[in-house]
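Bear in mind that the values here come from a model prediction, so they are computed numbers and not experimental data.
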Amino acid sequence: MTQASDLAAHYDLVVIGGGPAGLAAAAEAGRAGLSTVLFDENPGVGGQIYRAITSTPVADRAILGEDYRAGSDLVAEARTGGALIANGATVWSLDPARLVGVSIAGQARLIQAGRVIVATGSLERPFPIPGWTLPGVMSAGGAQTLLKAQGLVPDGRTVMAGGGPLLWLLAAQILRAGGRIEAILDTMPRRNWLRALPHLPDFLLSPYAAKGVKLLREVRARVPVIRVAELEAVGDDRLREVSFNGRRLPADLLLLHQGVVPNVNLAMAAGVAHEWNARQLCFQPVLDEDFNSSVPGIAVAGDGAGIAGGTAAAERGRIAAVAAIRALRPSAPVPDLQIIRQRLQREEMGRSFLDWLNRPADSFRQPEGDTIVCRCEEVTAGQVRAVADLGCEGPNQMKAFMRCGMGPCQGRLCGLTVTELIADQRGTTPAEVGYYRLRPPVKPITVAEFASLPIAEGERLAVEN
Amino acid sequence: MFKRLADSGKSVALTVDGRPVDCRAGDTVAAALLAAGVDRCRTTPVSGAPRGPYCLMGVCFDCLVTIDGVGSRQACLVPVREGMAVETQSGRREAGR
């Protein structure tokens, strides 16, 4: 395993994130002869979609599906390309001059990058319902991670709630693995079809249509699906019941999911300009066609550039890598960009339909009353709304008043909710309200890690004098 | 709450609050806790409410535990190691330990 002491002080390209975008980018750059390092926080590469692809104990290929296995090819390509791949490597800082702060096993280093490709992917959209902080309530993505990486299958009374492709895929995977699901509570409004319908022809031409229909049939044949307009996790010290539509269902595990959104923390902290995406209801970086951001030398590829799925993420990673290669080593051979762009276009085709169909209801994005919005600091929706009424105009002022977004998750699980609540309360738009101002370190780092940074003799003398 | 699909893999012994827990090589601390039926990692600094692993991908920080004496480690990002001592955390008092 790569240690901090194995790292050079400078790389042509630093790729941050080992999902499909990061792996594809590292493969292209390594092949073209750029000195390349890929930092990934997890114990193994693959990101979330190909989580534990090199180590999964799930031997039966049918359980996770063939799309998951496709990740193996990307890992092999990245490994043979010549890039250094460092796992367990947490990037806690990236500045506009492309100095990358990273920690591996408690040892920190500052690495200078010629170019940076941020491939930090997506995270699940916050799903703030009453009781979502209780033990026994987990994100669907979390349960999928346990299945892929450790072969853990939900046991006992499991209820799933929400919507979107990942929820249905996980349901199918749990069933194939011999698990049982009491019910799926579908929170997606039926009227979503009205806005999705005009995009149906494109979706039918995309690779997702046939797969999606098959998946829905597979799950619906074995699990009752109930459309719900309200949802609550009930319990004192842990989840006991799920409440919906005036009914209560005993449950040991509630899995929540209402789509994924770009994980913006690192790119925003580096000063990359972001904009509100009104269709996908999230902030995403402002990028050119090569995925270059507003900060020279920093690109954002993969779902972090806007949600488009794992296969599209890999193509985006390749495009960003080609741009880096052309900038740093114009003589190196690069793959035909036009072909990559065509493949990307095909992957992105069905996205509008999926986005409109799986647009979470306002009530599940903009909660009311005692529902916790900021899990870390335990700030409720009612508090955020009341402070907005008092004149608070944005999330940064809200932080100062209420501490929301100031806990260890740094707003990852409340940022979008707080922005939308302020916009709703003040009758304006999320674009107008904006997001938390993010600063490094974007992950907690100990004083001991800071102290482990190599210090040059000149620097030591400057401080001692 | 969870069962193992295949009980393969090398056995790894750790302790959770002093109690022996058997898990598998390749587990993260969070996965080992959940497989052993431990569904809470800590209580919160604000209200003392119990929390368990939520996202399992390093973004929610609900699965913070003390590992080998170092507090507030993300249980979902740390692979298990033989002899590891895991302690659940309680609220403000131990948050900075």
Which bit of [X] comes within less than 4.5 Å of chain B, counting heavy atoms only: side chain, backbone, both or neither?
X: A:N263; answer: side chain
X: A:R157; answer: neither
X: A:P154; answer: both
X: A:S55; answer: neither
X: A:L255; answer: neither

Heavy-atom pairs under 4.5 Å with chain A: which of [options] has the most?
options: B:P79, B:A30, B:C60, B:G52; value: B:C60
options: B:R4, B:R51, B:R40; value: B:R51
options: B:A35, B:S47, B:C76, B:G58; value: B:S47

Distance, nearest 0.5 Å, that separates [atom1] of [X] from [atom2] of [Y]:
X: B:L34; Y: B:K3; atom1: CG; atom2: NZ; answer: 15.5 Å
X: A:Q173; Y: A:K148; atom1: CD; atom2: NZ; answer: 6.5 Å
X: A:T158; Y: A:I174; atom1: OG1; atom2: CD1; answer: 6.5 Å

Between chain B and each of [options], count heavy-atom pairs under 4.5 Å; write down the option with the most.
options: A:L147, A:T56, A:N265, A:L253; answer: A:L253
options: A:V153, A:T446, A:V58; answer: A:V153
options: A:D237, A:D252, A:D60; answer: A:D237
options: A:A59, A:P135, A:A177; answer: A:P135

Toward chain B: residues of residues 118-125 of chain A with heavy atoms under 4.5 Å: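 The residues closer than 4.5 Å to chain B, in numerical order, are A:S122, A:L123.
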Would the A:F39 and A:W92 ring centres measure less than 6.0 Å apart?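 Between A:F39 and A:W92, the centre distance exceeds or equals 6.0 Å.
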Indicate yes or no for a side-chain donor-acceptor contact from B:Y54 to the backbone of A:G136 under 3.5 Å, with no hydrogens or angles considered.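 Answer holds: no.
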For A:W132, is there any backbone N or O sitting under 3.5 Å from a side-chain donor or acceptor partner on A:R375?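 Here the side-chain-to-backbone pair exists.
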NZ/NE/NH1/NH2 to OD/OE distance under 4.0 Å, A:D236 and A:R238: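 Judged by the 4.0 Å cut-off on N to carboxylate O distance, A:D236 and A:R238 do not form a salt bridge.
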When you check the gap from the basic side-chain N to the acidic O, do B:R81 and B:D68 get nearer than 4.0 Å?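 Yes, this pair counts.
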Examine whether an atom of B:D62 lies under 4.5 Å from a heavy atom of chain A, and if so say whether it belongs to the side chain, the backbone or both; otherwise answer neither.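 For B:D62, side-chain heavy atoms alone lie under 4.5 Å from chain A.
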Anything under 3.5 Å between a donor and an acceptor, one on a side chain of residues 407-414 of chain A, the other on a protein residue two or more places apart or in another chain? List them.
{"unit_1": "A:Q410", "atom_1": "NE2", "unit_2": "A:P441", "atom_2": "O", "d": "3.1"}
{"unit_1": "A:R412", "atom_1": "NH1", "unit_2": "A:C409", "atom_2": "O", "d": "3.0"}
{"unit_1": "A:R412", "atom_1": "NH1", "unit_2": "A:V442", "atom_2": "O", "d": "3.3"}
{"unit_1": "A:R412", "atom_1": "NH2", "unit_2": "A:V442", "atom_2": "O", "d": "2.8"}

Could you walk me through whether A:E449 and A:S452 pass side-chain hydrogen bond (donor to acceptor under 3.5 Å, both in side chains), step by step? CA-CA 5 Å; A:E449 281 171 286; A:S452 72; over 6 Å; no
When you check the side-chain N and O atoms of B:T43 and B:Q89, is any donor under 3.5 Å from an acceptor?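 Checked: B:T43/B:Q89 side chains show no N/O donor-acceptor pair below 3.5 Å.
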B:T88 and B:D17 side chains, donor-acceptor separation under 3.5 Å: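 B:T88 and B:D17 do have a side-chain donor-acceptor pair below 3.5 Å.
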